K.L.:
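Structure incoming, see below.
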Amino acid sequence: DVTEKIVYVNQTLLKKHGIFRDFPTRYVGPAGTNVVVDFEVREVLRNGKPENFLVEDRYEGKSIRTGSAAVIIEPGIHTYTIRYHTDLQIGFLETYDMLRWNVTGNGWPLLIEQAQANVKLPAGVSIKDIATGGYTGAIGSQAKYFTATVDQNGVAHFTTTRPLQPREGFTLEISWPKGFTQEPPSSQKNS
């Protein structure tokens, strides 16, 4: 279950009706197999109030279109909250479990001033056994313009350290020892 908050600054007088948010739901898994994950939007809010939205199929996943053709978003700061559920996101590798998460998507035609993500791991994982990583930039980039820390409650905090240019994104990686996450049957793993 994921909750995203997107602070969007509408600086234009053009008739904007909302934002788009793209999510990869089809990709190649660690073993080279094609993986398709479930994706269900539970709620979209704009400035704390319910917002119309439509989920559309895209080549590599889904796209959420917020707003309505009948409503123009006034210039200013708007906070969009998107709550959704997805599955098959954890990699169950031989000696550890891992989450690789595209925090922002790479389809934004706008500058992203900063991206932050918090990942709460299962109870009992020792802080010293948590490894973090990731990358920033265009698809295929190995740049590492971010910081990652883990607090005493086992929550990992990731923050970009420079703006992301249009079509750049931020992907985090976090791994922890086996035994803390219940593995699905082999037929349902993202292998």
Side-chain angles (χ1 to χ4, degrees), residues 1-10 16-30 34-69 71 73 77-92 97-110 112-123 132 134-136 139 146 148 154-160 164 167-176 180-185 188-191:
D1 291 317
V2 179
T3 299
E4 288 194 10
K5 288 192 178 179
I6 300 169
V7 179
Y8 171 68
V9 181
N10 184 12
K16 298 287 183 184
H17 298 277
I19 63 170
F20 291 87
R21 172 65 169 103
D22 294 335
F23 296 89
T25 58
R26 296 179 193 98
Y27 56 93
V28 177
N34 291 324
V35 177
V36 178
V37 300
D38 285 335
F39 178 78
E40 177 189 347
V41 177
R42 303 253 166 101
E43 179 180 49
V44 176
L45 306 173
R46 181 171 58 89
N47 301 328
K49 296 180 182 171
E51 179 78 344
N52 289 330
F53 67 92
L54 175 66
V55 179
E56 299 176 322
D57 286 324
R58 297 283 187 233
Y59 175 71
E60 292 182 346
K62 305 285 185 181
S63 181
I64 298 175
R65 176 190 295 182
T66 69
S68 166
V71 178
I73 305 301
I77 299 172
H78 300 274
T79 300
Y80 288 85
T81 303
I82 303 172
R83 291 188 178 90
Y84 57 93
H85 174 81
T86 183
D87 68 357
L88 300 179
Q89 299 292 344
I90 297 174
F92 296 96
D97 295 336
M98 173 184 184
L99 173 67
R100 178 178 291 137
W101 188 259
N102 185 316
V103 176
T104 59
N106 288 70
W108 290 99
L110 308 169
I112 298 174
E113 287 186 21
Q114 186 176 64
Q116 298 176 337
N118 300 315
V119 180
K120 183 177 181 184
L121 293 177
T132 59
Y135 41 92
T136 56
I139 293 173
F146 69 93
V155 177
H157 304 276
F158 296 82
T159 304
T160 56
L164 300 170
R167 309 278 183 229
E168 289 187 337
F170 173 38
T171 298
L172 66 80
E173 294 178 346
I174 185 166
S175 62
W176 58 96
F180 294 94
T181 310
Q182 182 177 347
E183 292 191 36
Q188 296 179 0
K189 289 184 186 179
N190 62 353
S191 52

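Predicted model only: the values in this text are computed from it and were never measured.
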K.L.:
Would a distance-only check, ignoring hydrogens and angles, find a side-chain to backbone donor-acceptor pair under 3.5 Å from Arg167 to Asn106?
P.N.:
no

K.L.:
Is any side-chain heavy atom of Leu88 closer than 4.5 Å to one of Asp38?
P.N.:
no

K.L.:
Can you name the nearest heavy-atom pair linking Thr132 to Ala148, along with the distance?
P.N.:
OG1-CB, 3.5 Å

K.L.:
Any side-chain to backbone donor/acceptor pair from Asn10 onto Ile73? Under 3.5 Å, distance only.
P.N.:
yes

K.L.:
So Thr3 and Thr81, do their side chains get closer than 4.5 Å, heavy atoms only?
P.N.:
yes

K.L.:
Using a 4.5 Å cut-off on heavy atoms from C-beta on, say whether the side chain of Ile90 contacts that of Glu183.
P.N.:
no

K.L.:
Is a side-chain donor or acceptor of Arg100 paired with a backbone partner of Ile174 at a separation under 3.5 angstrom?
P.N.:
no

K.L.:
Would you confirm whether Ser63, through its side chain, and Glu56, through its main-chain N or O, come within 3.5 Å as a donor-acceptor pair?
P.N.:
no

K.L.:
To the nearest 0.5 Å, how far apart are CG in Leu121 and OG in Ser175?
P.N.:
9.5 Å

K.L.:
For the CD1 atom of Ile6 and the CD1 atom of Ile82, what is their distance to the nearest 0.5 Å?
P.N.:
4.0 Å

K.L.:
Mind checking whether Glu113 and Val9 have side chains closer than 4.5 Å, heavy atoms only?
P.N.:
no

K.L.:
Nearest 0.5 Å please: distance from the NE2 atom of His78 over to the CD1 atom of Ile19.
P.N.:
10.5 Å

K.L.:
Verify salt bridge (Lys or Arg N to Asp or Glu O under 4.0 Å) between Asp57 and Lys62, making sure each step is shown before the conclusion.
P.N.:
CA-CA 5 Å; Asp57 286 324; Lys62 305 285 185 181; 2.4 Å; yes

K.L.:
Atom OG1 in Thr181, atom CE in Met98: separation rounded to 0.5 Å?
P.N.:
13.0 Å

K.L.:
Do other residues, nucleotides or ligands put more than 12 heavy atoms under 6.0 Å from the CD atom of Gln114?
P.N.:
yes

K.L.:
Counting only heavy atoms not in Glu43, do more than 12 fall under 6.0 Å of its CD?
P.N.:
yes

K.L.:
Enter the distance from Phe23:CZ to Arg58:CZ here, rounded to the nearest 0.5 Å.
P.N.:
12.5 Å

K.L.:
Given 3.5 Å as the limit, does a donor-acceptor pair link the side chain of Asn47 with the main chain of Thr79, or not?
P.N.:
yes

K.L.:
Looking at Gly18, is its backbone amide N or carbonyl O close enough to the side chain of Thr66 to form a donor-acceptor pair, meaning the two atoms are under 3.5 Å apart?
P.N.:
no

K.L.:
Only counting residues at least two apart or in another chain, list the ones meeting salt bridge (charged side-chain N to carboxylate O under 4.0 Å, His left out) with Arg26.
P.N.:
none

K.L.:
Measure the spacing between CZ of Phe170 and OG1 of Thr159 and express it to the nearest 0.5 Å.
P.N.:
7.5 Å

K.L.:
Do Ile64 and Phe39 have side chains that get closer than 4.5 Å, going by heavy atoms?
P.N.:
yes

K.L.:
Give the ring-plane orientation class for Tyr84 versus Trp101, where under 30° counts as parallel, over 60° as perpendicular and anything between as tilted.
P.N.:
parallel

K.L.:
Would you indicate whether the side-chain heavy atoms of Phe180 and Asp97 approach each other to under 4.5 Å?
P.N.:
no

K.L.:
Might you work through the side chain to side chain contact (heavy atoms under 4.5 Å, CB included) test for Leu99 and Trp176, ending with a clear yes or no?
P.N.:
CA-CA 9 Å; Leu99 173 67; Trp176 58 96; 4.2 Å; yes

K.L.:
Is there a side-chain contact between Arg21 and Trp108, using heavy atoms and a 4.5 Å cut-off?
P.N.:
yes

K.L.:
Looking at side-chain heavy atoms only, is the closest gap between His157 and Gln116 below 4.5 Å?
P.N.:
no

K.L.:
Just jot down the side-chain hydrogen bond (donor to acceptor under 3.5 Å, both in side chains) partners of Ser68, sequence neighbours excluded, or say none.
P.N.:
none

